[in-house]
Amino acid sequence: MQLKWTAVALAALTLVACGKKEEAAAPAAPAPTAAAPAPAAPPADALIVKIGHVGPTSGAIAHLGKDNELGAKMAIEDLNAKGLKIGDKVAKFELLAEDDAGDPKQGTAVAQKLVDSKVNGIVGHLNSGTTIPASKLYSDAGIPQVSPSATNPKYTRQGFKTTFRVVADDTQLGGTLGKYAVETLKGKNIAVIDDRTAYGQGVAEEFEKAAKAAGGTIVGHEFTTDKSTDFNAILTKLKSAKPDVLFFGGMDAVGGPMLKQVKQLGLNVKFMGGDGLCTGELPKLAGDAIGEEMVVCAEAGGVDGDFKQPLEDFKARFKTKNGVDVQIYAPYVYDAVNVLAEAMVKAGSADPEKYLPEVGKVQYKGVTGPIAFDEKGDIKNGALTLFTYKGGVRTQIAVVR
């Protein structure tokens, strides 16, 4: 292709562009010499590396699944732009994204599909209820799996060598919130609701244990489902016990409508929840029922000190690229993909059997902070971030470890 343009050719291009008023009115701009070049195409003999990602990209919490998937896509694009070498070949990373709709049966079906596709590694699933049953399939196939958000302790306590997670688990999450409810919020009479999922039940049980240990009294524990919309019966029952704190173990798609009914019934409580509740979408789902500093929740992750800026930079780049804010776990997905790639580079192979031992040895500096795993596959020294909502905006209280 000829790279030098003649004056005639430039004039012709100017005439073609006249259909765009804003361009026609603007003065001629210099050639965009500072623009970044397009990434070079991978060589014909590139090593193809398939990374599977699974999350609920349909259903009530699709906003969270899509957030995670966008994080995976950014990681894949960045790895390919680097021209990363595994062994003596340049790697070409491909994302195989699947939707589990937050349903355990669909989760195992798509997990088997990815196993059959011979993926080199798995990032996901989002929910503990889909992650745990799917992990058996990945373990049987010997495929490393890094979850960016599943917090139920059982996930890494099944004796599988293939399971890892880059966030703290419910023992820490629910335990910290239970202690905070009593010691900081001064809760005395505490009510609990969970949605009976692996995640919701797990985090609620850990919260309850910690609240009791800190001196709180559990005045009731009720149950709902992850698809319910009417909570008047259980809330009315709990109201009679006069709680000052109400903890919900579940996701924001249920927690938002529940908050509206808490307000309608005149329940004067601090409303608490784990990471499934603690999203940027909650104010939209709850409306004015979210109140001012009425909700206290925790994200299973967080950074402080020198790691704050890299995370903020990632979030800004994410919004510029995707046109939306990070919901919650996209940065952890991004890091999870990079952890797998780091282990492959260390092993000089993308063969799951060969690089799996390196995953457990990873010392990775991610956008979510330092990542290293213990013998179970849990992140070492995992952080939690406590949040509340002010003016309809999720606002950080503190990072705790």
Next item on the list: Find out whether Tyr389 and Met294 are in side-chain contact, i.e. whether some heavy atom of one side chain is under 4.5 Å from a heavy atom of the other.
Entry: no
Report task. Run the numbers on Thr368 and Asp335 for side chain to side chain donor-acceptor pair (under 3.5 Å), then give the verdict. Result -> CA-CA 7 Å; Thr368 62; Asp335 277 351; 2.6 Å; yes
- Using a distance-only test with no angle check, is there a side-chain donor-acceptor pair under 3.5 angstrom linking Asn68 and Tyr332? no
The complete set of side-chain hydrogen bond (donor to acceptor under 3.5 Å, both in side chains) pairs with one or both residues in residues 167-182, sequence neighbours excluded, reads Thr151-Asp170, Arg157-Asp169
If you define the side chain from C-beta out and look only at heavy atoms, does anything of Leu47 sit under 4.5 Å from Lys85?
no
Next on the checklist: Less than 3.5 Å apart, any donor N or O on the side chain of Thr225 or Asp195 sitting next to an acceptor on the other?
Outcome noted: no
| said: Do Val54 and Thr130 have side chains that approach each other closer than 4.5 Å (heavy atoms only, starting at C-beta)? | reply: no
So the salt bridge (charged side-chain N to carboxylate O under 4.0 Å, His left out) pairs with at least one residue in residues 94-116 (sequence neighbours excluded) are Lys92-Glu94, Glu98-Lys113
### Message
Around atom NZ of Lys188, are there more than 12 heavy atoms from other residues, nucleotides or ligands closer than 6.0 Å?
### Response
no
Those residues at least two apart in sequence (or on a different chain) that pass salt bridge (Lys or Arg N to Asp or Glu O under 4.0 Å) with Asp140 are Lys136
- Sidechain N-carboxylate O distance under 4.0 Å for Glu69, Lys73: yes
Worksheet item: Is Asp325 salt-bridged to Arg394, cutoff N-O under 4.0 Å?
Response: no
Could you list the donor-acceptor pairs under 3.5 angstrom formed by side chains in residues 381-388, with sequence neighbours left out?
| residue | atom | partner | partner atom | Å |
| --- | --- | --- | --- | --- |
| Thr385 | OG1 | Gly301 | O | 2.6 |
| Thr388 | OG1 | Val295 | O | 2.7 |

Legend entry - Heavy-atom check, side chain of Phe271 versus side chain of Lys263, under 4.5 Å: no
Evaluate Leu340 against Tyr355 for side chain to side chain contact (heavy atoms under 4.5 Å, CB included), listing each step before the verdict.
CA-CA 9 Å; Leu340 290 175; Tyr355 85 84; 3.8 Å; yes
Open item on the list: Could you tell me if Gln158 and Ser135 have a donor-acceptor pair between their side chains, going purely by distance under 3.5 Å?
Closed with: yes
Is the shortest side-chain heavy-atom distance between Met74 and Phe318 below 4.5 Å?
yes
**Study point:** Cationic N near anionic O, under 4.0 Å, Glu293 to Lys270
**Key:** no
So the side-chain hydrogen bond (donor to acceptor under 3.5 Å, both in side chains) pairs with at least one residue in residues 274-287 (sequence neighbours excluded) are Tyr199-Asp275, Asp252-Thr279, Asp275-Tyr329, Glu281-Gln327
Passes side chain to side chain donor-acceptor pair (under 3.5 Å), Asn338 versus Glu342? Steps please. CA-CA 6 Å; Asn338 278 284; Glu342 175 88 352; over 6 Å; no
Polar side chain donor-acceptor pair, Ser349 to Asp351, under 3.5 angstrom: no
Residues pairing under ring-ring contact (aromatic ring centres under 6.0 Å, His included) where one sits in residues 216-253, two or more places apart or in two chains, turn out to be Phe207-Phe247, His221-Phe223
Asp378 and Thr156 side chains, donor-acceptor separation under 3.5 Å: yes
- With the threshold set at 4.0 Å, does a side-chain nitrogen-carboxylate oxygen contact exist between Lys390 and Glu292? no
